[in-house]
Amino acid sequence: MPELPEVETTRRGLAPYLAEATVTGVITRTPRLRWPIPENLNELLNGQPVVSLTRRAKYLLLEFSHGTLILHLGMSGSLRILPAGTAPQTHDHFDLLLDNGCLMRLRDPRRFGAVLWHEGNINTHPLLAKLGPEPLNDDHCGFHAHYLYQATRNRRVAIKQFIMDNAIVVGVGNIYASEALFGAGINPLIKAETLSFAQCEKLADVIRSTLNEAILAGGSTLRDFVNASGNPGYFQQQHWVYGRAGEPCRVCSSPVVQIKQGQRSSFYCSLCQK
DNA sequence: TTTATAACCTGAACGC
DNA sequence: TGCGTTCAGGTTATAA
């Protein structure tokens, strides 16, 4: 389920249960996810208090005084807070036991997710070192029109694949890439370098607002992280084009087109997006 | 350096 | 009912 809004919604749902909690154990049922889960996690974490839970791109970072537990949900992962002793089900690969009567459980049918350990500056980890700016950070050196305009120069790849490149900007997944390009009125097939400054301005703006709105929608279901039903706000959202092939565009009624770009589906309106 | 493709893995939906 | 095919929200590794 996770695009960036879902990961951020997960973080906000988990944070109250992890803050001021101390780890009392680690259970690894399936050691092989995207990469092997470190074998010595129990020794590393047992008795350690959680310092903070933050997010970088789609990585959740559970910080301890001596290192960071890196969590990634892949394509199908979810994290939930459950009462201690809750029986695991299929695909429940990893538990973090806490001293407050709860456990944090990772379920991931496709096993594209990750549980990793890193000591030292987290930004030097190979998976995080080359990430581009956060789209939602409000700082001047982050993701803004000037940055996007410069980054697109001499890049001939299609703009949709370009904005999904984590080295350019993090957190834009397949759904929100299509949605943001619709919002900006930009055809997903055009080469990145052909965007005008005004188009970059619009696109950067729409990426931010699209993700923000999705986080707000996801936030309404935070309680789902406490019980076992888990039903992120994601499914409740109305998409402009994603998943609507052949249906009428919500603006001009012309049928939404579905194509393949880099082996991923893209959806767009050929009239609204030039 | 940039771009394109294959790979990791399981399950749901669909057509025959 | 059963089998084969296709598709799915991510990301890295490898090849061209």
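The shown structure was predicted, so the numbers you read here are calculated from the model rather than taken from an experiment. We use all heavy atoms of the structure for the numbers below, so side chains are in, but hydrogens, waters and symmetry mates are not. Quick note on labels: first sequence line is chain A, next is B, and so on, each numbered from 1.
Legend: ring-ring contact (aromatic ring centres under 6.0 Å, His included) pairs involving residues 250-274 of chain A, not counting sequence neighbours, sorted by first then second residue: A/Tyr242-A/Phe267. Applying the ring-ring contact (aromatic ring centres under 6.0 Å, His included) test to pairs two or more places apart or on separate chains, those with a residue in residues 69-98 of chain A are A/Tyr59-A/His72. Screening residues 45-59 of chain A for salt bridge (Lys or Arg N to Asp or Glu O under 4.0 Å) gives A/Glu8-A/Arg55, A/Arg55-A/Glu134, A/Arg56-A/Glu134 as the qualifying pairs, with residues at least two apart or on separate chains.
By the side chain to side chain donor-acceptor pair (under 3.5 Å) test, A/Thr28 is found to be paired with no residue, residues two or more places apart in sequence or in another chain being considered. Residues passing the ring-ring contact (aromatic ring centres under 6.0 Å, His included) test with A/Tyr149, sequence neighbours excluded: A/Phe197. With sequence neighbours excluded, the residues that form a salt bridge (Lys or Arg N to Asp or Glu O under 4.0 Å) with A/Arg244 are A/Glu247.
Ring planes of A/Phe182 and A/Trp240: parallel class, angle under 30° (limits at 30 and 60°).
Applying the side-chain contact (heavy atoms from CB on, under 4.5 Å) test between A/Leu195 and each of A/Lys202, A/Arg155, A/Arg153, A/Glu201 identifies A/Arg153 as the sole match.
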Going through the distances and angles, do A/Glu179 and A/Thr210 end up as a side chain to side chain donor-acceptor pair (under 3.5 Å)? CA-CA 7 Å; A/Glu179 292 295 291; A/Thr210 302; over 6 Å; no
Per-nucleotide protein contact along nucleotides 8-14 of chain B, 5' to 3', at a 4.0 Å heavy-atom cut-off (B base, S sugar-phosphate only, - neither), is BBBS---
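Put simply, CZ on A/Arg56 is 16 Å from C1' on C/dG10, counting in whole angstrom units. If you take CD of A/Glu193 and P of B/dT1, they are 18 Å apart, rounded to a whole angstrom. Atom CD1 of A/Ile70 and atom C1' of C/dT11 are 14 Å apart (whole Å). A/Met75 has its CE atom 13 Å from the C1' atom of C/dT12, to the nearest Å.
Within 4.0 Å (heavy atoms only), A/Asp108 reaches no atom of the nucleic acid at all.
Using a 4.5 Å heavy-atom threshold, the side chains of A/Ile37 and A/Val26 count as separate.
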Below 3.5 Å between N/O atoms, which protein atoms pair up with nucleotides 14-16 of chain C? Just atom names and distances, please.
none

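For the contact set between residues 154-162 of chain A and DNA chain B, defined by any heavy atom under 4.0 Å, the members are A/Arg155, A/Arg156, A/Val157.
Helical stems in DNA chain C, defined as runs of 3 or more consecutive Watson-Crick or G-U wobble pairs with donor-acceptor distances under 3.5 Å: B:2-8 with C:10-16, B:10-16 with C:2-8.
With a 4.5 Å cut-off between side-chain heavy atoms of Ile, Leu, Val, Met, Phe, Trp and Tyr, the cluster of A/Leu271 takes in none. Cluster partners of A/Met164: none. The rule joins Ile, Leu, Val, Met, Phe, Trp and Tyr whenever side-chain heavy atoms lie under 4.5 Å apart, and it links nothing here.
Residue A/Lys260 places at least one side-chain N or O under 4.0 Å from the OP1 or OP2 atom of C/dA8.
Under 3.5 Å, the side chains of A/Asn174 and A/Lys160 contain a donor-acceptor pair of N or O atoms.
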